[in-house]
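Report on the following structure.
Indexing begins at 1, ligand by ligand and atom by atom, following the structure's order.
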Amino acid sequence: MELWGRMLWPLLSGPGRRGGIRGWAFSSWQPHPPLAGLSSATELVNHWTRVFEKKGVPEARESSEYIVAHVLGAKTFQSLRPALRTQHLTSQQLQYIQELSSRRLQRMPVQYILGEWDFQGLSLKMVPPVFIPRPETEELVEWVLEEVAQRSHAVGSPGSPLILEVGCGSGAISLSLLSQLPQSRVIAVDKGEAAISLTRENAQRLWLQDRIWIIHLDVTSEGSWTHLPWGPVDLVVSNPPYVFHQDMEQLAPEIHSYEDPVALDGGEEGMDVITHILALAPRLLKDCGSIFLEVDPRHPELVSSWLQSQPELYLNLVAVRKDFCGRPRFLHIRRSGP
Ligand SMILES: C[S@@+](CC[C@H](N)C(=O)[O-])C[C@H]1O[C@@H](n2cnc3c(N)ncnc32)[C@H](O)[C@@H]1O
């Protein structure tokens, strides 16, 4: 059951907030009669909270608050002016809330229902089945930023690192690094076409497209890197698919029904993509370059012993960090050789 807690909780409780309504697709929208006797935002939130609880939908209150706030053009229910919470809603607003809530009853994640979500203060478009960025990944980004700041301090100039992200998904990691490191450039690769086009769209929405190269590429396919025109990079960062294959069945309905399994399934020991990234390091990484990975709590030990069995890679696991739940989830690996 630990996996449920790990994967489900972040679906709704990220520190980031999402933006207002933007071009919602009404393709599956069917009119429903407005709920008789319910007319204010507060009443609607209470109503849908009860319905979600009764139907076993997780995060019932947060779900209904986000949906009602979204329809009223706010990021969170708490940020709505008190007068707006008690004011009568229009029949169109009531119908829209009903439509979005029925999607939640089908266990669609709130991020897909709203169509956008915040990560590191950036509002990103979300489209199924592209992986929804989780709050713990913000900690990985912060660690990378610390490393860049330390290196810049050591050389006495602002950092202008060339960064490679493997498995960019919606672009959350790459775009937040670009926005916080104005001198940096990023190469973002993903094997999923939907991920590539969503990263491209998010880069354009955020005006970050000039410093990012977005490439459709499978890191495990032989020879894929030989066509890349760039020299070695300073940093590799990745939140790869790392769920152990046998754990895939335990994933919550929000995850296994809506998110791309390719974004999650890391093979028998969750190491399939991780080991490919590490094996490519001598070709991709500058001397003293670093790799930052988000992993499962069982991986620090597995990765450490795998690296010991591959001394020709000249890679050392130099630090492991815990996530906000106290589990070892982030690895810093450094290249220290020819
Ligand atoms: C866990 S998601 C992370 C997405 C994003 N970086 C984030 O943190 O929100 C893993 C991503 O890796 C991509 N991926 C899986 N296998 C890959 C491979 N062999 N080569 C390149 N990308 C891959 C998936 O398509 C998915 O977008």
Residues [X], [Y]: salt bridge by 4.0 Å N-O rule:
{"X": "Glu146", "Y": "Arg321", "value": "yes"}
{"X": "Glu116", "Y": "Arg205", "value": "yes"}
{"X": "Arg104", "Y": "Glu59", "value": "no"}
{"X": "Arg185", "Y": "Asp234", "value": "no"}

Among Leu177, Leu181, Ile173, side-chain contact (heavy atoms from CB on, under 4.5 Å) partner for Val144: Leu177

Report every pair formed by an N or O atom of ligand 1 and a protein N or O atom separated by less than 3.5 Å, giving atom names and the distance to 0.1 Å.
from, atom 1, to, atom 2, distance (Å)
ligand 1, 6 (N), Glu165, OE2, 2.9
ligand 1, 6 (N), Gly167, O, 2.8
ligand 1, 8 (O), Asn239, ND2, 3.0
ligand 1, 19 (N), Asp218, OD1, 2.8
ligand 1, 20 (N), Val219, N, 2.9
ligand 1, 22 (N), Lys191, N, 3.2
ligand 1, 25 (O), Asp190, OD1, 2.6
ligand 1, 27 (O), Asp190, OD2, 2.6

Stacked cation flag Arg134 on Phe131, 6.0 angstrom / 45 deg: yes

